[in-house]
Amino acid sequence: MPHTTKGRPLLRHGLLTIAALAACAATGASARDLIVALKTEPTSMDPQYHALTPNIQLSQTLFEGLVCSDADLSIKPCLAESWSVDGKVWTFKLRPNAKFSDGSPVTAQDVVFTLDRAGKVPNSPSSFKVYMQKVEKVEAVDPRTVRITTSELYPLLAINMVGLPIMSAKAAAGPAPEGKTTTELNSGDGLVGAGPYKFVSWKRGSEIVFERNPHYWGPAPAWDKVTYRPISNAATRVAALLAGDVDLIEDPPTDDLERLRKDPKLSVETKASNRVIYVALDQNGETTPGIQGTNGKNPLLDKRVREALSLAIDRDAVVARIMGGVATPAGQLLPYPMFGASKQLSTAPKANPDKARALLKEAGYPDGFTLVLGAPNGRYINDSKVAQTLASMWTRVGVKTTIDSNAPAVFFKNRDAYSYSAYLAGWGTATGEMSNTLNSLLVTPNKEKGLGTTNRSRYSNPEMDKLVAESATQMDNAARAATLARASEVAMADFAMLPVHFEHSVWAMKKDVSFKGRADQQTMVQYATQAK
Amino acid sequence: MLAFIIRRLLQALLVMAVMSGLVFVGLYVVGDPVSMMASPEATELERDAIRANFGLDKPLLEQYAIFMSRAVRLDFGKSFLTGQSAMGLILERMPATLELAIVSMLLAGLVGVPLGVWAGLKPEALSTRGIMTGSVLGFSLPNFWVALMLIMVFAVYLGWLPASGRAPAVALGPFETSLLSWEGWRRILLPACTIALAKGALIIRVTRAATREALPMDYIKFARAKGLSWSRILRVHLLKNILIPIVTVFGLEFGQVVAFAVVTETIFAWPGMGKLLLDSIITLDRPVVVAYLILIVFFLVMLNLVTDILYSVLDPRVRLQTAKA
């Protein structure tokens with residue numbers, strides 16, 4: 001196409017203007033807005049309605065707790081600049097410059113109000129009461145000091161405070177017992193927090209808009225305005241990013257990662273998460289529903305059989321072939337160096353099919369047996385594909401395995417009815433701390449004490465129970481971590497359940513956005529910045 | 001006429017009652033809503049509390065009786081998951097779905113009817129073969145594939161249109177629409193085309209068949225013998241007579257789109273009712289699923305009623321009294 005000489009200076013001039021504008025934009029504080037595509041829309045804006053990742057990741061952006069957890073889930077001071085503990089009494093000192101988005105200061109009274117409200121929200125499908133366990137009394141000593149008394153020695157109190165971001169007592173007051181109701185908060189009424197961003201609007205199903213909180217105590221947030229768009233279909237999320245409609249997406253499918261990585265305009269971040277994918281083995285008694293060819297015996301009661309099943313799994317192959325490399329082979333239920341994970345178990349066991357066969361023979365099953373492995377389809381990354389792979393690995397050593405893969409709702413129903421002898425599932429340790437994992441998955445079930453709530457394999461080992469119980473009152477962090485690591489070693493030596501891998505969470509974004517990811521798989525925009 | 005309408009409404013009530021019972025039992029068999037809602041860390045006692053709170057600890061029959069006693073007062077309960085009124089959640093999403101359905105059906109009709117008439121008039125022409133092949137593709141290609149291809153071509157490669165979502169809506173009386181802005185049209189175009197492709201294909205085939213049936217009729221021959229112009233024959237004699245099958249198909253298909261645009265809405269992240277239904281089924285949010293299906297049954301019955309009434313307008317020989325369903 002011929003250019004006239006007359007046109008050129010104009011063109012050059014135009015380009016210069018654009019370049020200058022772009023430079024302005026890049027250096028100015030109000031550079032650009034951020035659009036995030038979410039996998040799941042939150043069910044509510046009320047920070048105390050539903051304890052679930054899609055809700056928490058947004059409420060932790062609008063609000064801030066006394067304590068926060070960083071990207072690797074270790075705790076750091078937030079609205080409280082410091083705290084001290086003396087036996088059962090915890091004293092938190094509030095930051096003098098902490099302010100809500102309406103400009104009013106954060107006081108001890110707000111903390112008392114928030115902690116009191118946690119258990120009062122009606123119809124909550126998953127209550128925040130869980131973070132108030134063993135809290136006996138919350139008092140405002142002076143405007144900047146909060147004293148919390150627990151019913152017994154309770155080292156987890158500080159971690160639990162992460163889950164209870166502080167609401168403004170003034171803004172969220174109301175005639176209902178809980179103050180402003182969930183419906184009112186959903187419309188933005190009373191939704192005043194001290195987090196880096198503040199609420200603008202929520203149109204259900206379509207978009208949620210936040211903007212910078214000008215009164216935020218910490219470093220100024222990177223974006224003027226953040227828009228979240230729920231896009232549940234993974235292929236659509238990828239397309240929206242490729243088309244430039246959105247800046248940051250959650251959880252692109254494993255199959256698309258190669259292509260996204262090659263795209264010069266995009267970048268991909270992965271982050272090892274706190275979610276372990278494991279196989280639970282029924283160890284309740286001599287009858288088990290999914291096994292045949294053993295003359296009615298339950299072979300999974302025999303530790304040698306459990307070890308054989310573990311040795312038959314080639315964890316490296318599962319990670320490389322099925323998970324596309326975005327996972328880490330697991331040797332325990334929480335990745336080292338998270339709190340209470342054992343250093344000895346930081347590498348996963350290597351596959352050894354020959355030894356597995358020998359162990360099966362020794363246990364009296366030279367010809368193996370048949371087994372049905374239950375798995376959800378669509379709950380965890382590539383879940384039923386992973387189950388399929390484990391089945392073929394077990395079949396190779398003589399345990400003829402078929403999989404029974406179902407929609408998550410059906411899978412959980414079957415699991416809770418104990419209709420699987422073996423099932424694949426996942427556990428995300430929200431607190432990043434081993435006592436949560438072991439208490440839920442492996443401690444002997446006890447309904448009254450709320451122990452072993454997800455222990456569907458009904459594993460029971462008094463030695464491990466004792467270690468976990470001991471850790472519950474150890475106020476010294478190093479000693480507690482050591483006790484929990486020992487408990488983890490005991491359980492794994494028993495092959496109580498078989499960890500397979502730790503999922504990595506994946507985010508894809510435009511080149512000019514930087515988000516390093518979080519171990520709890522949450523997309524918190526305060527951790528996203530403009531790439532230099 | 002009045003008796004006819006009343007009879008239809010009573011039928012609708014019966015269908016709604018039967019259907020709500022089926023959904024109740026169906027979702028009960030599928031799984032336990034508490035296991036989908038509660039945080040995995042929740043203890044057994046907390047789970048029991050949630051169960052009691054939502055009345056899920058009662059026998060199924062009792063739960064159904066409680067539901068029905070409220071439903072007759074038009075209270076369909078609260079969504080388990082969001083705590084908001086189930087019907088409210090659905091009605092909030094309805095404008096988006098209706099907007100999408102109307103635009104896609106208009107598109108399907110505006111393209112489908114003329115092409116169908118053309119194909120009927122010139123059965124041997126090359127263009128007709130092209131149209132008919134296209135229509136076969138139109139309704140045999142899977143919906144989700146068409147949607148993804150349109151996104152890949154027009155949003156990702158060409159960058160002409162946005163990949164997903166709906167533009168902010170403006171209230172327009174009781175209704176709201178996103179179509180008052182240019183951005184609104186840009187966003188609706190791809191999802192509407194996805195639906196219109198399948199629906200338009202069907203309309204082409206129906207129109208063509210009707211045209212071919214009408215052409216050899218005496219009244220057309222007579223009109224031609226009288227020396228009327230082709231355009232007048234088409235408009236007055238042909239179109240008017242082939243409208244009945246087209247209106248029927250149009251009505252039924254419109255209902256289909258409104259009720260079950262689930263796939264298209266999900267892929268384009270269109271904030272309509274279909275996407276809400278899918279999400280609610282996955283999370284076993286029973287009040288929303290039941291309320292949705294009740295609303296849809298009512299809507300479909302009404303749509304059929306309107307179609308029947310339109311018959312009698314289009315063809316005076318049709319009497320509603322004789323059209324006992």
Side-chain angles (χ1 to χ4, degrees), chain A residues 37 40-41 43-44 46 49-52 121-127 129-130 181-183 186 203-207 229-233 235-237 239-246 378 407-416 427-428 430-431 436 439-440 445 447-451 453-454, chain B residues 27 29-50 53-54 78-85 89 92-93 96 144 147-148 151-152 154-157 159 161-166 168-169 266-272 275-276 278-279 281-284:
Chain A
T40 314
E41 185 174 31
T43 55
S44 171
D46 182 342
Y49 176 71
H50 198 176
L52 203 74
V121 180
N123 295 325
S124 163
S126 181
S127 171
K129 237 185 290 187
V130 70
T181 62
T182 300
T183 311
N186 281 343
K203 176 98 177 81
R204 236 180 242 276
S206 175
E207 61 172 27
R229 287 181 42 202
I231 304 184
S232 53
N233 185 288
T236 312
R237 278 200 302 281
L241 180 68
L242 289 172
D245 290 0
V246 299
V410 180
F411 168 78
F412 286 121
K413 183 183 170 122
N414 291 344
R415 185 197 70 176
D416 293 351
W427 183 263
T431 54
N436 167 295
N439 262 322
S440 304
K447 190 171 172 170
E448 279 64 43
K449 289 189 184 154
L451 295 174
T453 40
T454 313
Chain B
L27 287 183
V29 172
V30 168
D32 176 8
V34 176
S35 71
M36 301 302 291
M37 293 187 294
S39 132
E41 281 138 79
T43 63
E44 276 309 314
L45 292 177
E46 282 164 357
R47 279 163 207 262
D48 288 349
I50 297 172
N53 191 3
F54 290 121
K78 283 181 175 173
S79 151
F80 291 156
L81 210 56
T82 62
Q84 308 295 301
S85 141
L89 279 179
E92 193 183 28
R93 303 279 192 104
F144 68 89
L148 285 175
I151 291 179
M152 284 321 278
F154 291 100
V156 175
Y157 289 117
L161 296 167
S164 58
R166 180 180 183 229
T266 305
I267 294 185
F268 287 100
W270 189 260
K275 196 158 162 285
L276 179 69
L278 193 72
D279 294 345
I281 292 177
I282 290 172
T283 51
L284 299 176

A:Leu52, A:Val410, A:Leu451, A:Thr182: which one forms the most heavy-atom pairs within less than 4.5 Å of chain B? A:Val410
Looking only at heavy atoms, which two atoms of B:Leu148 and A:Ala235 are closest? And how far apart? CD2-CB, 4.0 Å
Which portion of A:Glu41 sits near chain B, non-hydrogen atoms under 4.5 angstrom: side chain
Partners meeting salt bridge (Lys or Arg N to Asp or Glu O under 4.0 Å) with B:Asp48 (sequence neighbours left out): A:Lys447, B:Arg51
Quick check: closest heavy atoms across B:Phe80 and A:Tyr49, and the distance to 0.1 Å? O-OH, 3.6 Å
If one checks every heavy atom of B:Val29 against chain A at 4.5 Å, the contacting part turns out to be backbone
Using non-hydrogen atoms only, which part of A:Asn186 is less than 4.5 Å away from chain B: side chain, backbone, both, or neither? side chain
Relative to chain B, which segment of A:Asn414 carries a heavy atom at a distance below 4.5 Å: side chain, backbone, both, or neither? neither
Per-residue contact mode, A:Thr454 against chain B (heavy atom under 4.5 angstrom): side chain
Chain A contact via B:Leu278 - side chain, backbone, both or neither, heavy atoms under 4.5 Å: neither
Indicate yes or no for a side-chain donor-acceptor contact from A:His50 to the backbone of B:Met37 under 3.5 Å, with no hydrogens or angles considered. yes
Please report the interatomic distance NZ(B:Lys78) to CG(A:Asn123), rounded to the nearest 0.5 Å. 5.5 Å
The criterion is ring pair (Phe, Tyr, Trp, His ring centres under 6.0 Å); which residues satisfy it with A:Phe412, sequence neighbours excluded? none
With a 4.5 angstrom heavy-atom cut-off, is it the side chain or the backbone of B:Leu284 that approaches chain A, or both, or neither? side chain
Note, B:Ser35 side chain near A:Asp416 side chain (heavy atom, < 4.5 Å): yes
Nearest 0.5 Å, what's the CG-OG1 distance between A:Asp46 and B:Thr82? 12.0 Å
Measure from the side-chain N and O atoms of A:Ser206 to the backbone N and O of B:Pro271, and report whether any donor-acceptor pair falls under 3.5 Å. no
Nearest heavy-atom approach of B:Met36 to A:Ala409 is SD-CA, 3.6 Å
OG1 on A:Thr43 to CG on B:Asp279, rounded to 0.5 Å: 12.0 Å
With distance as the sole test, does B:Tyr157 use its side chain to make a donor-acceptor pair with the main-chain N or O of A:Ala243 at under 3.5 Å? no
OG-CD distance between A:Ser127 and B:Glu46, expressed to the nearest 0.5 angstrom: 6.5 Å
Which atom of A:Asn233 lies closest to which atom of B:Thr266, heavy atoms considered: CB-O, 3.8 Å
Rounded at 0.5 Å granularity, tell me how far OG in A:Ser232 sits from CD1 in B:Ile282. 7.5 Å
Given that the side chain runs from C-beta out, which part of B:Phe54 has a heavy atom under 4.5 Å from chain A: side chain, backbone, both or neither? side chain
Checking A:Ile231 against chain B: side chain, backbone, both or neither under 4.5 Å from a heavy atom? both
Heavy-atom proximity to chain B below 4.5 Å, by part of A:Ala240: both
B:Leu45, B:Leu161, B:Asp32: which one forms the most heavy-atom pairs within less than 4.5 Å of chain A? B:Leu45
So which of A:Gly450, A:Ala51, A:Gly428, A:Pro125 has the biggest tally of heavy-atom pairs under 4.5 Å with chain B? A:Pro125
With chain A, the option among B:Glu92, B:Gln84, B:Arg166 that has the most non-hydrogen atom pairs under 4.5 Å is B:Gln84
Have B:Ser164 and A:Arg229 got a donor and an acceptor in their side chains that come within less than 3.5 Å? yes
In Å and rounded to the nearest 0.5 Å, what is the OG to CG distance from A:Ser124 to B:Asn53? 8.5 Å
Taking C-beta and beyond as the side chain, do A:Arg204 and B:Leu276 meet within less than 4.5 Å on heavy atoms? no
On a heavy-atom basis, which atom in B:Ile151 and which in A:Ala239 lie closest, and how many Å separate them? CG2-CB, 3.3 Å
Looking at A:Lys449, I'd like to know if its NZ atom is crowded, meaning that more than 12 non-hydrogen atoms belonging to other residues, nucleotides or ligands lie closer than 6.0 Å. no
